Amino acid sequence: MDEDYDLLRAWQAGDGRAGERLFRRHYKLVLRFFHNKVGASAHDLVQRTFLGCLEARERIRGDASFRGFVFGVARNVLFDHYRLARRDREHIDFGSVSAEDLRPTPSSLIAQAREVELLLRGLRQIPLEAQIILEMYYWEGMRAHEIGEALGMPEPTVRTKIRRARLRLEQVIEETSASPALRRSTVEGLETWADKIRNAIES
């Protein structure tokens, strides 16, 4: 991520083209972040995220990961999106409510295999915070300390949440009506199916 650091420093110094290059480098990962949570609203929230980064660029620490910072902004944009869509916007517990609860939109557009479809459905049924953490870890390959920077959590806490989120996802998958073989192959091949989802969103 050395190029991120150089681009960020140039952008903070007033180089607008550096900022554009920085956004282009991270556009797809932000789109993936929103894709399985808000459906057709994803592109609008991507734009809001980058606008938020633009407004806060002077506050990005020199030792911080820009990718982690972007995810932190994206998470806040997502939460605001859900709050604005509900009357009880002050009372959403993102540690327990799921994307399925908030917006029951099917994700069949990128479900290219039965395992992928089952995984997508499972992710949408676990608490939103757990979904975000698993997607950062498996889809984006982010390390625990980087996820911690994005979400404002200590690294040990993130590691615990990753383990618990995966166990919760496995439990949700096991509770579906899918065949035992399909459930087993989905759980055992989590990294493989996550890659398929990532590639489908990028295409």
Side-chain angles (χ1 to χ4, degrees), residues 1-13 18-19 21-37 42 45-46 48-81 93-99 119 122-124 126-171 187 189-199 201-202:
M1 291 296 170
D2 287 345
E3 186 174 352
D4 275 0
Y5 179 83
D6 293 338
L7 289 172
L8 176 59
R9 296 282 79 77
W11 185 39
Q12 289 177 323
R21 288 179 59 191
L22 200 55
F23 289 162
R24 283 198 299 270
R25 280 173 59 85
H26 294 278
Y27 181 84
K28 287 182 178 179
L29 68 86
V30 178
L31 181 61
R32 284 193 298 270
F33 175 84
F34 289 116
H35 197 286
N36 193 38
K37 303 177 187 70
L45 298 192
V46 169
R48 293 189 203 177
T49 296
F50 286 131
L51 178 60
C53 291
L54 177 62
E55 293 171 346
R57 63 177 176 176
E58 300 303 328
R59 300 198 301 272
I60 305 174
R61 301 194 323 270
D63 61 342
S65 157
F66 182 74
R67 181 169 64 165
F69 177 79
V70 168
F71 272 118
V73 174
R75 175 179 179 244
N76 291 336
V77 168
L78 178 68
F79 288 179
D80 286 344
H81 169 78
D93 179 3
F94 294 105
S96 61
V97 71
S98 69
L119 176 57
L123 281 167
R124 287 182 62 85
I126 64 176
L128 192 58
E129 181 183 83
Q131 179 185 356
I132 289 171
I133 287 174
L134 286 183
E135 290 178 359
M136 285 182 174
Y137 187 71
Y138 287 107
W139 292 15
E140 305 305 335
M142 295 174 69
R143 296 182 179 181
H145 74 86
E146 194 174 6
I147 296 173
E149 288 181 0
L151 305 185
M153 299 177 184
E155 183 175 343
T157 300
V158 171
R159 293 187 182 280
T160 298
K161 286 182 176 290
I162 291 171
R163 291 193 295 271
R164 290 177 177 172
R166 172 151 184 164
L167 287 173
R168 180 61 184 133
L169 176 62
E170 292 176 359
Q171 180 183 2
V187 170
L190 179 58
E191 290 85 352
T192 299
W193 310 130
D195 284 342
K196 286 183 178 294
I197 294 169
R198 175 190 175 110
N199 293 336
I201 294 174
E202 286 187 344

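All figures in this text were calculated on a predicted structure; none of them were measured in a lab. In this chain, residues are counted from 1 in sequence order. All heavy atoms count here, side chains included; hydrogens, waters and symmetry mates do not.
- Scanning all heavy atoms of the two residues, the minimum distance from Gly68 to Glu146 falls at N-OE2, 3.9 Å.
- Residues that satisfy the side-chain contact (heavy atoms from CB on, under 4.5 Å) test with Val187, not counting sequence neighbours, are Glu170, Ile173, Glu174.
- Phe71 is linked by a ring pair (Phe, Tyr, Trp, His ring centres under 6.0 Å) to Phe33, counting only residues two or more places apart in sequence or in another chain.
- Taking Phe50 as the reference, Phe23 meet the ring pair (Phe, Tyr, Trp, His ring centres under 6.0 Å) condition, with sequence neighbours excluded.
- Rounded to the nearest 0.5 Å, atoms CE (Met153) and CD1 (Ile133) are 4.5 Å apart.
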Exercise for review: Kindly indicate, with the supporting measurements, whether the criterion side-chain hydrogen bond (donor to acceptor under 3.5 Å, both in side chains) is fulfilled by Glu149 and Ser65.
Suggested key: CA-CA 8 Å; Glu149 288 181 0; Ser65 157; 4.6 Å; no
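- For the pair Met136 and Ala150, the tightest heavy-atom approach, listed with the atom from each and the gap, is CE-CB, 4.1 Å.
- Taking the side-chain contact (heavy atoms from CB on, under 4.5 Å) definition, one finds that Leu51 meets it with Leu54, Glu55, sequence neighbours left out.
- Note: Arg159 CZ to Arg164 CZ = 15.0 Å, rounded to the nearest 0.5 Å.
- By the 4.0 Å N-to-carboxylate-O rule, Glu129 lies close enough to Lys161 to be salt-bridged with it.
- A salt bridge does not link Arg32 to Glu135: none of the charged side-chain nitrogens sits closer than 4.0 Å to a carboxylate oxygen.
- When all heavy atoms of Cys53 and Val70 are compared, the closest pair comes out as SG-CG2, 4.0 Å.
- Looking at every heavy atom in both residues, Gln131 comes nearest to Ile126 through N-CD1, 3.7 Å.
- Listed by chain and number, the residues in a side-chain hydrogen bond (donor to acceptor under 3.5 Å, both in side chains) with Gln171 are Arg168, Glu175 (sequence neighbours excluded).
- Residues passing the side-chain hydrogen bond (donor to acceptor under 3.5 Å, both in side chains) test with Arg75, sequence neighbours excluded: none.
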Between Leu169 and Leu119, is a side chain to side chain contact (heavy atoms under 4.5 Å, CB included) present by the stated rule, with each step listed?
CA-CA 8 Å; Leu169 176 62; Leu119 176 57; 3.6 Å; yes
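- The shortest distance between side-chain heavy atoms of Leu123 and Leu134 falls below 4.5 Å.
- A distance-only check finds no donor-acceptor pair linking the side chain of Arg48 to the backbone of His81 [under 3.5 Å].
- Qualifying side-chain hydrogen bond (donor to acceptor under 3.5 Å, both in side chains) partners for Tyr138, counting only residues two or more places apart in sequence or in other chains: Arg166.
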Under the criterion side chain to side chain contact (heavy atoms under 4.5 Å, CB included), I'd like the reasoning laid out for Phe69 against Leu8: C-alpha separation, chi angles, the key distance, then a yes or no. CA-CA 11 Å; Phe69 177 79; Leu8 176 59; over 6 Å; no
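- Among all heavy-atom pairs drawn from Thr49 and Val73, the shortest one is O-CG1, 3.5 Å.
- Ion pairing between a basic and an acidic side chain is recognised when a charged N comes within 4.0 Å of a carboxylate O; Asp4 and Arg25 show such pairing.
- Residues that satisfy the side-chain contact (heavy atoms from CB on, under 4.5 Å) test with Tyr137, not counting sequence neighbours, are Ile147, Ile162.
- Taking each heavy atom of Leu22 and His26 in turn, the nearest pair found is O-CD2, 3.1 Å.
- The side-chain hydrogen bond (donor to acceptor under 3.5 Å, both in side chains) search around Thr157 returns none, not counting sequence neighbours.
- Considering only residues two or more places apart in sequence or on other chains, Arg21 meets the side-chain contact (heavy atoms from CB on, under 4.5 Å) condition with Glu3, Leu7, Arg24.
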